[in-house]
Amino acid sequence: MALLIGATVGEVERELVLQTLVRCDGNRTRAARVLGISVRTLRNKIREYSASGIDVAANNDHG
């Protein structure tokens, strides 16, 4: 993941969260563990991203 000079912390965080979800095949429990945050925090971030129109990897915690 290339971090561009001039990107905000929020933009970098969002990209990290989204890329981690993709690498974890949408498994939010695993992605939260990799990111070092709670599943609740991850869910809140995903809700925030989705509300602003950003496509988030499908939840694949059950399969």
Side-chain angles (χ1 to χ4, degrees):
M1 172 174 70
L3 302 180
L4 301 177
I5 301 301
T8 67
V9 170
E11 290 165 344
V12 172
E13 177 186 68
R14 181 179 63 229
E15 192 59 30
L16 179 62
V17 168
L18 295 175
Q19 289 297 320
T20 301
L21 277 166
V22 169
R23 291 182 77 117
C24 291
D25 298 318
N27 185 310
R28 295 177 182 192
T29 302
R30 193 169 358 139
R33 191 177 315 123
V34 168
L35 290 165
I37 60 176
S38 70
V39 175
R40 170 179 269 173
T41 297
L42 180 60
R43 268 199 315 261
N44 290 339
K45 289 183 183 303
I46 290 168
R47 190 176 299 119
E48 175 187 320
Y49 303 154
S50 294
S52 62
I54 296 165
D55 191 31
V56 178
N59 186 348
N60 194 24
D61 276 358
H62 301 293

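Computed from heavy atoms alone, side chains included, the values below leave out hydrogens, waters and symmetry copies.
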(message) Between Glu15 (side chain only) and Val12 (backbone N and O only), is there a donor and an acceptor less than 3.5 Å apart?
(response) no
(message) Just verifying a value: how many Å separate Leu42 CG and Thr29 OG1, rounded to the nearest 0.5 Å?
(response) 8.5 Å
(request) Measure across Asn59 and Asp61 and return the closest heavy-atom pair with its distance rounded to 0.1 Å. (result) OD1-N, 3.1 Å
(request) Indicate yes or no: at least one non-hydrogen side-chain atom of Val56 is less than 4.5 angstrom from one of Arg28. (result) yes
(request) Might you point out which heavy atoms bring Cys24 and Val34 nearest each other, and give the distance in Å? (result) SG-CG2, 4.2 Å
(message) Given 3.5 Å as the limit, does a donor-acceptor pair link the side chain of Asn60 with the main chain of Asp25, or not?
(response) yes
(message) Any heavy-atom pair between the side chains of Arg43 and Ile46 that's under 4.5 Å?
(response) no
(message) Do Ile37 and Leu16 sit in one hydrophobic cluster, given that two such residues count as connected whenever their side-chain heavy atoms are within less than 4.5 Å of each other, even indirectly?
(response) yes
(message) Does Glu13 form a salt bridge (Lys or Arg N to Asp or Glu O under 4.0 Å) with Lys45? I'd like the steps, not just the answer.
(response) CA-CA 10 Å; Glu13 177 186 68; Lys45 289 183 183 303; 3.1 Å; yes
(message) Quick check on the hydrophobic clustering: are Tyr49 and Val22 connected, directly or via other members, by side-chain heavy-atom contacts under 4.5 Å?
(response) no
